[in-house]
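The structure appears right after this line, and notes come after that.
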Amino acid sequence: MAPTVGQHGNLSLLQRLKLFTPMMAFLAIYLSLAALNFGYDGLLVAFQAMAPFIRKFGEYNATTKKYALPTYLSSLMNSLPFLGKLVGALTCGPISERWGRKAAVAILACISLVGVTLQTSATTAAQFLVGRVINFAMTGFCIVVTPIYQAECAPAELRGLISATIQFQIVFGQVIASLVNFGTQNLEGDKSWRIPIGLQFIVPVVILALLPIMPESPRWLIAKDRHDAAVASLRKLRGSKTSEERIQWEIEALSSYSGNEGKGSWKEVFNQNNRKRTKIAVLAMFFQQITGQAFTSQYSVVFYKQQGFTNAFLLGVVNNIVSLFCTACTSLIVDNYGRRPILLTGAFLMSAFLFILGGVGTTHHPNQSEKNTMVASVVLFGGAYAISWAPISYIILGEVSSLRVKEKTNDLAVSVSVLTTFIVSFTIPYLLNPPYANLGAKVGYIYGSFAALAVIVAYFMIPEMKGRSLEEIDQLFASGVSLRKFRGVQTRRIEDWEGKGVVKEVERVEGS
C-alpha cells in the first residue's frame, strides 16, 4: 500500500521519499538556496589568509617584514557582520508576518545583491566591512523565514528531512567556498579574492527568477483569511494525485483550528502557554553556536596554517566535505530516529573531540603526530556538529513554537543565536592569538565544556517531536506532559477530526 500524507505510524525512508511531490522537492532545494550563500560567505573569511587580500587591507610589520591583518580588523570582519544578521532577523519576522513568506524571500535576495556588490568593488576595509554587514542581513532573513515556511508546508512525515536542507545548503556553500578558495589562493592580484566574492551574485539572481513558482504558505494565508489563495497554494504543494475533496477538507480543518486564527502579540510569546516553547527554541539556537562551531567554520584554515600545515586550504576542504556528508546523513535519518537521540549523541562526541583538542594543545612544542591529532579532532568535531546540533536546531526552531507567535518566537531565538555567534566570533582571535590569551588549541577546553552542558540540556529540555503535525505539537504542550515523555503521548491529527474545533483530549499511550 502506498504511503499517504497524514498516515500514522513509522514509515521507512523509501516510504517517506515517495511522499515527495515535485513542488515539495523544488521547495526543499529552492528555499534553502539562500542558506548556500550564508555558508559560502561564512567560509570566505579564509581569504584572510590570502596574500593579495592581506596586502590590500592589512598593515606592514617592519619587524617580521610581512603584511598582516591587524587583530582588531580581523575581529571586526568576523564578528561585526553578525550585527547585520541580527538586524535582518529582527526585520524579517514582522515582514514575514504582515506581507508573507514570499515577500521576505524576495527582500533577502535583494539585500544579498547589494552586499555582494559592495564587497566585490571594495577599495577600502571600511567598504568591504559594510558590504559584509549588509550581506549578513540576508542570512538573518534566511534563518527566520526558511524554518517557518518549511515547517508550515512540509508534511509531518517529511518535516525533519526538508527542514534539515537549510543546514545542508549552508555546509554545501562552505564546501564550494573552500574549493573556490583552494583554486584561487595562488592567483595574482585582487582577483584572488574578488572572484570568490563575486560568485555570490548567482544565488540571489536564481531566487528572484524562480520566485513566481513558489507558493505562499497555506497556514499564513488562512491566518490572513485568504481562503481561496490557501486552497490554490495547498493544491500546488500536495500535487495532482491528491483529490480536490481532500484539499478542501484539509483547508477546512486548518481553518477551524484555533491556532491558525490570526497572530499573537509579544506578550503571548512569554505567557503561560508559550514560555516553555519559547525557552526550547532559544536553547536550541544558543547551544548551536556556543559550542564553538565558529572556530571550525571560520578559523580552521588560519589555525591549520598556525600549526605549520602548508596544505591548510586543502584541509579546510576535507573538513567541509566531512560536514556535508554528515548533514546529508541527518536529513535521511532524523524522521526515523528522532531529534533527541541525535542531539544527545552529537553533543557527547563534540565534547569529547574538543577536550582531546584542548589536551593535545597543552603541549608547548607539539610534534607532527600531535598536530595531526589536533587536525583530526577539529574535523571530527565538525562532523559530530554537522550531524546533530547544526541541522536539528533549525528543525526544532521550525516546529516547536506556537503557530500564533511563530514569527516572534523565531525572531527571539535567532537573535539570541546571532548575539552568541557575535560574541564567539569576536573573542576567538583574542583567545587564540598573542599577545592576548594565546590559548591556541586549548580553546577546546572552553567549547568542550559548553558541549558537555548541551548534553544535559538536550536530555532535560528538548522534547521529541518527530512525525507530529504542528497541530499535534500544540496538543503535546497543552497536555502538561513532561518534555522527556512526549514520545509516548497519543495525539490526533487534523485529518482525523470529525468536526470543527480544537481537539482538547490528549491520551497517553497505555503503558508509556
Side-chain angles (χ1 to χ4, degrees), residues 1-33 35-36 38-39 143 146-147 149-176 237 239 284 288 293 318-350 379-400 458 462-470 473 487:
M1 179 179 176
T4 58
V5 170
Q7 179 176 323
H8 289 274
N10 290 323
L11 300 178
S12 67
L13 174 61
L14 183 59
Q15 289 175 312
R16 292 181 194 281
L17 293 177
K18 287 180 179 179
L19 294 177
F20 267 101
T21 64
M23 180 57 68
M24 286 181 191
F26 166 75
L27 291 175
I29 299 171
Y30 168 76
L31 196 62
S32 59
L33 267 181
L36 188 147
F38 176 11
I143 61 175
T146 302
Y149 182 86
Q150 290 179 332
E152 289 179 341
C153 294
E157 297 85 357
L158 296 174
R159 192 173 60 244
L161 191 159
I162 291 176
S163 297
T165 58
I166 182 173
Q167 182 61 28
F168 181 85
Q169 292 280 26
I170 289 173
V171 180
F172 187 45
Q174 291 173 343
V175 171
I176 295 174
L237 291 169
Q288 186 196 49
Q293 67 82 24
V318 172
N319 191 46
N320 287 290
I321 290 176
V322 170
S323 296
L324 182 67
F325 173 78
C326 291
T327 303
C329 289
T330 299
S331 298
L332 298 177
I333 66 174
V334 67
D335 285 318
N336 286 91
Y337 292 97
R339 287 60 162 149
R340 276 171 57 87
I342 300 175
L343 286 178
L344 287 166
T345 304
F348 173 79
L349 292 175
M350 288 158 56
V379 172
L380 291 173
F381 162 79
Y385 174 77
I387 208 169
S388 56
W389 286 84
I392 293 180
S393 294
Y394 291 121
I395 297 174
I396 292 170
L397 181 66
E399 65 190 7
V400 72
I462 307 296
E464 185 56 72
M465 294 174 282
K466 80 171 182 100
R468 311 277 189 171
S469 69
L470 299 183
I473 291 173
R487 192 163 191 164

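- Here the side chains of Y149 and L27 are in contact, with some heavy-atom distance below 4.5 Å.
- Atom CG of L397 sits about 11.0 Å away from atom CD of Q150, to the nearest 0.5 Å.
- Side chain of T165 to backbone of A28: a donor-acceptor contact under 3.5 angstrom is found.
- No donor-acceptor pair under 3.5 Å is formed between the side chain of E399 and the backbone N or O of L470.
- Side-chain atoms of Y385 do not come within 3.5 Å of backbone N or O of G346 as any donor-acceptor pair.
- Between the S163 side chain and the P147 main chain, no donor and acceptor come within less than 3.5 Å of each other.
- Counting heavy-atom neighbours within 6.0 Å of F348 CZ, excluding the residue itself, gives a total of 12 or less.
- Here the CE atom belonging to M465 is positioned 5.5 Å from the CD1 atom belonging to I396, to the nearest 0.5 angstrom.
- One distance of note links CD1 of I162 with CZ of R16; it measures 11.5 Å at 0.5 Å rounding.
- Heavy atoms only, all atoms of each residue included: T327 and A164 are closest at CG2-O, 4.4 Å.
- Looking only at distances, no side-chain donor or acceptor of R159 sits under 3.5 Å from a matching main-chain atom of G467.
- For the atom pair CG (L237) and CD (E152), the distance works out to 11.0 Å, reported to the nearest 0.5 Å.
- With hydrogens and angles left out, the side-chain atoms of Q167 and T330 include no donor and acceptor closer than 3.5 Å.
- A distance of 9.5 Å separates CD1 of I170 from CG of L36, quoted to the nearest 0.5 Å.
- In this structure, the separation between CZ on F38 and CD1 on I143 is 5.5 Å, given to the nearest 0.5 Å.
- Annotation for S323 and G382: closest pair OG-O, 3.5 Å, computed over non-hydrogen atoms.
- Remark: side-chain polar atoms of E464 are paired, donor with acceptor, to backbone N or O of R340 under 3.5 angstrom.
- The side-chain heavy atoms of Q169 and I29, taken from C-beta on, include a pair separated by under 4.5 Å.
- Contact of the I333 side chain with the I342 side chain is registered, since non-hydrogen atoms from C-beta on lie closer than 4.5 Å.
- Side-chain contact between Q288 and Q293: absent, with no pair of heavy atoms (C-beta onward) separated by less than 4.5 Å.
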